[in-house]
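Here the structure is a predicted model, which means the values were calculated and not measured. Just so you know, residue 1 is the first one in the sequence shown, and it goes up from there.
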Amino acid sequence: MDHKLFTIDGAAITGIAALYAQINAVFMADEDWKIGESLDALNDLLHGGFGAIAGADAVTIRWKDIARTRAALGAEATADLLRQRSATRTMFNGARIADQLAALEAGGGVTYFDIVMDIFADHPAIVIEPA
């Protein structure tokens with residue numbers, strides 16, 4: 001069984017763009033291309049067909065300062081992203097984005113961090129260890 005261990009530095013994640021910079025630094029360092037700022041791209045990476053995860057049967061990710069990441073990808077960052085998206089998607093998913101934004105502004109809703117953790121959870125061979 002091929003097991004790989006990686007460390008993500010949560011202190012380096014100050015927002016959504018910085019999340020992808022950290023993901024690329026950890027998982028794509030030996031590639032001549034990087035994944036874009038996309039949840040779909042993150043999910044594709046975690047499937048293991050490319051990058052440092054390729055060929056691993058099991059992956060452990062030590063996530064340092066995960067609380068900082070949670071805060072950086074929290075309601076404020078998520079709402080900012082949704083506001084940007086709502087400006088360009090008046091017809092396509094506009095109502096859904098408005099509903100998500102309203103939930104966040106009301107103190108609830110799903111944050112970008114929550115979505116990222118759900119994506120990791122969809123890959124049972126990947127275990128996150130908060131460190």
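In plain terms, the two heavy atoms of Ala12 and Ala18 that are nearest each other are O-CB, 3.6 Å. The two residues Gly36 and Ala41 make their nearest non-hydrogen contact at O-CB, 3.9 Å. Heavy atoms only, all atoms of each residue included: Gly51 and Met28 are closest at CA-SD, 3.8 Å.
With Phe113 as the partner, the side-chain contact (heavy atoms from CB on, under 4.5 Å) test is satisfied by one option alone out of Thr69, Ile16, Leu19: Thr69.
Evaluation of the ring-ring contact (aromatic ring centres under 6.0 Å, His included) rule for Phe27 yields Phe6 as partners, not counting sequence neighbours. Among residues two or more places apart in sequence or in another chain, the side chain to side chain contact (heavy atoms under 4.5 Å, CB included) test is passed with Ala54 by none. The side chain to side chain contact (heavy atoms under 4.5 Å, CB included) test applied to Gln100 returns Leu82, Arg96, Ile97, not counting sequence neighbours. Applying the side chain to side chain contact (heavy atoms under 4.5 Å, CB included) test to Asp114 and every residue at least two apart in sequence or in another chain returns Val110, Thr111.
Side-chain N or O atoms of Asp57 include none that pairs as donor or acceptor with a backbone N or O of His3 at under 3.5 Å. Between the side chain of Lys64 and the backbone N or O of Thr7, no donor-acceptor pair lies under 3.5 Å.
Note that the CZ atom of Arg70 and the CG atom of Asp65 stand 11.5 Å from one another [nearest 0.5 Å]. Distance check: Asp80 CG to Leu101 CG gives 9.5 Å after rounding to the nearest 0.5 Å. To the nearest 0.5 Å, atom CG of residue Leu104 and atom CZ of residue Arg83 are 8.5 Å apart. Atom-to-atom distance recorded for Ile8:CD1 and Ile23:CD1 is 4.0 Å, nearest 0.5 angstrom. The structure places NZ of Lys4 at 12.0 Å from CD1 of Ile61, a figure rounded to the nearest 0.5 Å. Remark: Ile13 CD1 to Leu73 CG distance equals 6.5 Å, nearest 0.5 Å.
Counting only residues at least two apart or on different chains, the side chain to side chain donor-acceptor pair (under 3.5 Å) pairs with a member in residues 18-27 are Tyr20-Tyr112.
Hydrophobic clustering (ILVMFWY, side-chain heavy atoms < 4.5 Å, transitive): Leu5 and Val26 are in distinct clusters.
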What side-chain donor-acceptor pairs closer than 3.5 Å can you find for residues 115-129, not counting sequence neighbours?
{"residue": "His123", "atom": "NE2", "partner": "Asn43", "partner atom": "OD1", "Å": "2.6"}
{"residue": "Glu129", "atom": "OE1", "partner": "Arg62", "partner atom": "NE", "Å": "3.2"}

